[in-house]
Number of protein chains: 2
Amino acid sequence: MSPHEITAGCRSVTPLLARIGDKWTILIVMLLSAGPRRFNEIKRLVDGISQRMLTLTLRNLERDGLVTRTVFPTIPPRVDYALTPLGQSLRVPVMALGRWVTENRDTMERSRTAFDGREGA
Amino acid sequence: MSPHEITAGCRSVTPLLARIGDKWTILIVMLLSAGPRRFNEIKRLVDGISQRMLTLTLRNLERDGLVTRTVFPTIPPRVDYALTPLGQSLRVPVMALGRWVTENRDTMERSRTAFDGREGA
DNA sequence: CGGAATCCGCTTTGATACTG
DNA sequence: CAGTATCAAAGCGGATTCCG
C-alpha cells in the first residue's frame with residue numbers, strides 16, 4: 001500500500017474522530033448507554049454543558065443515526081433521547097480507545113513534562 | 001456506576017480524542033507507521049497540509065511521546081520523524097475505530113440523507 | 001420543558017514572508 | 001531543508017434572551 005493510499009484511507013476516519021472528539025459527544029453517548037434520558041436530565045448529568053451545545057450535540061447524533069429522539073406531546077412537553085443499535089455498537093471501539101488512554105496516560109504525561117522542561121530551559 | 005461516574009471517566013478520554021481527531025494527526029501517525037520520514041517528505045505525502053500545521057502537529061506528537069524527532073546536523077539540515085512504541089501501540093485502537101467507520105459509514109450516510117430530507121421539507 | 005435566535009470571544013487553521 | 005513569525009479567516013462554544 002502506497003503512502004498516498006494510506007493517507008487517503010485515513011481521511012474517512014478523521015471526520016468521525018473529529019465528531020466524537022468534540023467537547024460533549026462521547027460524554028452523552030456513554031451516558032445514554034445506561035438507558036434513555038430526557039433533555040434536562042442529560043443537561044443536569046453532564047456537568048458544564050450549555051443548553052445550546054446539548055441541543056446541537058443531540059441533533060448531530062440524531063442526524064448520524066446514533067441517537068433517537070422521541071417527543072411525548074404532553075404539557076409540559078417531554079423529549080427522550082436513546083442510543084440506537086448503531087450508537088451502542090460505537091461504544092466498543094470507543095471503549096477500546098478509553099482503555100488505551102488509561103493504560104498510557106501516565107507515560108504521555110511524563111513525556112509532556114519532560115518535553116516542556118527541555119523547552120523552558 | 002452512577003451517571004456522574006460514567007461522565008467523569010469519559011472526561012479523560014475526550015482530550016485524546018480531540019487531539020487525534022484534529023485535522024492532521026491521524027494522517028501523520030498512519031503515514032509514519034510505515035517507517036521514518038523526513039519533514040518535507042511528510043509534507044509532500046500528506047496532501048494539503050501547510051508547513052505551519054505540519055510543524056505544529058509533529059511538535060505535539062513529539063510532546064506526547066508518540067513521535068521522535070532526530071536531527072542530522074548536516075548541510076542542508078535533515079530531520080527524521082518516527083513513531084515511538086507508544087505511537088505504534090496507538091494504531092491498534094485507532095484502526096479498530098477505522099474498521100467501525102468502514103463498516104457503518106453507509107448506514108450513517110443514509111441516516112444523514114434521511115434526516116436532512118425531513119428538515120428541508 | 002425543550003428548545004431557537006442572536007451575539008461575541010476564543011481557538012484552530014491557512015497564507016505568506018522570512019531565516020539559519 | 002526545516003523551520004519561525006505574523007496576520008487574517010473560519011469554526012466552535014458560551015451567555016443571554018425569547019418562544020410554544
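Each chain gets a letter, A, B and so on, in the order the sequences are listed, and its residues count up from 1.
When the side chains of ILVMFWY residues are joined at heavy-atom separations under 4.5 Å, either directly or via intervening members, Ile42(B) and Phe72(B) end up in two distinct hydrophobic clusters. Under the 4.5 Å side-chain contact rule for hydrophobic residues, Met95(A) and Leu61(A) share a cluster.
Residue Met108(A) qualifies as enclosed at atom CE: its count of foreign heavy atoms under 6.0 Å is above 12.
Heavy-atom distances to DNA chain D give each of Pro77(B) and Gln51(A) a nearest nucleotide, and the one nearer the 5′ end belongs to Pro77(B).
Nucleotides of DNA chain D with any atom under 4.0 Å from a heavy atom of chain B span, from 5' to 3', dC1(D) to dT6(D).
Sequence neighbours left out, the pairs with a member in residues 41-61 of chain A that pass side chain to side chain donor-acceptor pair (under 3.5 Å) are Arg37(A)-Glu41(A).
OP1 or OP2 of dG3(C) has at least one side-chain nitrogen or oxygen of Arg69(A) nearer than 4.0 Å. Considering only side-chain N and O atoms, Lys23(B) lies under 4.0 angstrom from the phosphate OP1 or OP2 of dG14(C). Phosphate contact (OP1/OP2 of dT13(C), side-chain N/O of Arg52(B), threshold under 4.0 Å): absent.
In the model, Arg63(A) has no side-chain atom that pairs as donor or acceptor with a side-chain atom of Ser111(B) under 3.5 Å.
We find that CZ of Arg59(A) is positioned 11 Å from C1' of dG2(C), with the value rounded to whole Å.
Looking at heavy-atom distances under 4.0 Å, Tyr81(B) makes contact with sugar-phosphate atoms alone, never a base.
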